[in-house]
Amino acid sequence: MPELAEVEYFRQRWDAGIGHKVLAIETHADTRIFREVASEELASALTGETLIGSEAQAKQMLFAFSGNHWLGLHLGMTGRLLCEAKSYEIGKWDHFVLRQDTQSLVFRDPRQFGLLKWHEGGDPPPWWAALPPPVLSGGFTLDLMEAFLKRRSKSPIKAVLLMQDRFPGIGNWMADEILWRAKIHPSTKSFQLDGPQRGALFEKLQEVARDALQAIAGVGEAAPPADLNVNIPQGWLFWHRWKDGGFCPIDGEALQRKAIGGRTGCWCPVCQPE
């Protein structure tokens, strides 16, 4: 499932449509991405309106249109946003396409776990405003994190990092990367972390979020990368964690893997002793 940086990467695919009017909308109306809003209602609301801006937060996106219209979008497991030519021919998995004067903005989702939402009003939707503070915002503090760990004291720290109500946008590979850099074993219970470990966790959590946004989405760079993951350094755990047989890029030790809190965790037994 796309995580914080991948969501930002795909949000930028639709930037070319900002300032352009929606001339027509094409949909596969019976797909599950319309389970919270009817495709006909969405097409009627947005046709003729202009895309004026967008933002990403956690694993969600929000696109602002003229006329006080807001389109919420969640990529789910396999969702992708694409910017294609005006004459682009809609494909089997292209369930939502905004036709503009010079391009087509495409939402592709083979498995249909993605979701579209719609809101009309002068302010952003309540469900957007209710999202927890981003991990790189001033609202996300060490005290806030420590209080949450205390409430989840008996849970493995890997499972806690995946809880979106406090760590929005952090998914499986980012959690493994954070714990590897912080030198914390993923099955460690939250109550077992001492003060220095909690401080390291907070530091590496924000470090990985910043690094991922830069490498994957090009945040802070002159231009975003042409492809996902192309700029991720080989020294990250990212490249070694996906399947059995990987080795730690620091010490060359064989990585270990097992299910922790229902998700596969990967760690180095030397860097992250149990």
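Only a predicted model underlies this, so the values are computations on that prediction, with no experimental measurement involved.
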Problem - Evaluation steps, salt bridge (Lys or Arg N to Asp or Glu O under 4.0 Å), between Asp176 and Arg257 - result: CA-CA 11 Å; Asp176 281 347; Arg257 295 162 55 87; over 6 Å; no
Problem - Validation row, ring centre Phe238 to ring centre Trp242 under 6.0 Å - result: yes
Is there a donor-acceptor pair under 3.5 Å between the side chain of [X] and the backbone N or O of [Y]?
{"X": "Thr47", "Y": "Ser44", "value": "no"}
{"X": "Arg13", "Y": "Tyr9", "value": "yes"}
{"X": "Trp14", "Y": "Leu82", "value": "yes"}
{"X": "Thr264", "Y": "Ala259", "value": "no"}
{"X": "Glu36", "Y": "Phe34", "value": "no"}
{"X": "Gln112", "Y": "Arg32", "value": "yes"}
{"X": "Gln206", "Y": "Val135", "value": "yes"}
{"X": "Glu49", "Y": "Lys21", "value": "no"}
{"X": "Gln100", "Y": "Leu23", "value": "no"}
{"X": "Gln197", "Y": "Asp194", "value": "yes"}

May I ask you to say whether [X] pairs ionically with [Y], meaning some side-chain N is under 4.0 Å from a carboxylate O?
{"X": "Lys204", "Y": "Glu207", "value": "yes"}
{"X": "Glu177", "Y": "Arg181", "value": "yes"}
{"X": "Lys59", "Y": "Glu3", "value": "no"}
{"X": "Arg80", "Y": "Asp94", "value": "no"}

For residues [X] and [Y], determine if any side-chain heavy atom of one lies less than 4.5 Å from a side-chain heavy atom of the other.
{"X": "Cys248", "Y": "Cys271", "answer": "yes"}
{"X": "Asn68", "Y": "His119", "answer": "no"}
{"X": "Glu253", "Y": "Phe247", "answer": "no"}
{"X": "Leu115", "Y": "Ile33", "answer": "no"}
{"X": "Glu274", "Y": "Pro269", "answer": "no"}
{"X": "Pro124", "Y": "Leu62", "answer": "yes"}
{"X": "Leu149", "Y": "Ile157", "answer": "yes"}
{"X": "Ile216", "Y": "Pro225", "answer": "no"}

Exercise for the section: In sequence, state the C-alpha distance, the side-chain angles, and the governing distance for Leu105 and Val22, and then conclude on side-chain contact (heavy atoms from CB on, under 4.5 Å). Expected result: CA-CA 10 Å; Leu105 306 181; Val22 178; over 6 Å; no
Any idea which heavy atoms bring [X] and [Y] closest together, and the distance?
{"X": "Ser137", "Y": "Pro134", "value": "OG-O, 2.7 Å"}
{"X": "Phe140", "Y": "Arg166", "value": "CE1-O, 3.4 Å"}
{"X": "Leu98", "Y": "Phe65", "value": "CD1-CZ, 4.0 Å"}
{"X": "Pro132", "Y": "Asp165", "value": "CB-O, 3.5 Å"}
{"X": "Phe63", "Y": "Leu81", "value": "CZ-CD1, 3.7 Å"}
{"X": "His185", "Y": "Pro273", "value": "CB-O, 3.6 Å"}

Euclidean distance, [Y] [atom2] relative to [X] [atom1], rounded to 0.5 Å:
{"X": "Arg111", "Y": "Thr31", "atom1": "CZ", "atom2": "OG1", "value": "15.5 Å"}
{"X": "Leu71", "Y": "Leu116", "atom1": "CG", "atom2": "CG", "value": "5.5 Å"}
{"X": "Ile25", "Y": "Leu46", "atom1": "CD1", "atom2": "CG", "value": "4.5 Å"}
{"X": "Leu144", "Y": "Phe202", "atom1": "CG", "atom2": "CZ", "value": "9.0 Å"}
{"X": "Ser155", "Y": "Lys189", "atom1": "OG", "atom2": "NZ", "value": "8.0 Å"}
{"X": "Leu75", "Y": "Met77", "atom1": "CG", "atom2": "CE", "value": "12.5 Å"}

Handout entry: Partners meeting side-chain hydrogen bond (donor to acceptor under 3.5 Å, both in side chains) with Asn231 (sequence neighbours left out)
Key = none
Handout entry: More than 12 heavy atoms from other groups under 6.0 Å of NZ on Lys117
Key = yes
Indicate if [X] and [Y] have the same hydrophobic cluster label, given that clusters are the connected sets of ILVMFWY residues with side-chain heavy-atom separations under 4.5 angstrom.
{"X": "Val7", "Y": "Trp70", "value": "no"}
{"X": "Leu255", "Y": "Trp173", "value": "no"}
{"X": "Phe167", "Y": "Trp180", "value": "no"}
{"X": "Tyr88", "Y": "Phe10", "value": "no"}
{"X": "Trp267", "Y": "Leu193", "value": "no"}

Exercise for the section: Walk me through it: do Cys268 and Asp251 pass the test side-chain contact (heavy atoms from CB on, under 4.5 Å)? Expected result: CA-CA 9 Å; Cys268 171; Asp251 54 40; 3.4 Å; yes
Can a side-chain donor-acceptor contact be found between [Y] and [X] if the only test is distance below 3.5 angstrom?
{"X": "Gln60", "Y": "Gln57", "answer": "no"}
{"X": "His95", "Y": "Asp109", "answer": "no"}
{"X": "Ser190", "Y": "Arg152", "answer": "no"}

Practice task
Could you walk me through whether Glu55 and Arg11 pass the salt bridge (Lys or Arg N to Asp or Glu O under 4.0 Å) test, one step at a time?
Solution key: CA-CA 7 Å; Glu55 57 182 311; Arg11 181 201 64 78; over 6 Å; no
Practice task
Begin from the C-alpha positions of Leu201 and Leu179 and carry the test side-chain contact (heavy atoms from CB on, under 4.5 Å) through to its verdict.
Solution key: CA-CA 7 Å; Leu201 180 66; Leu179 294 171; 3.9 Å; yes
Practice task
Please lay out, stage by stage, how Arg241 and Asn172 fare under the test side-chain contact (heavy atoms from CB on, under 4.5 Å).
Solution key: CA-CA 10 Å; Arg241 65 170 297 278; Asn172 208 29; 3.4 Å; yes
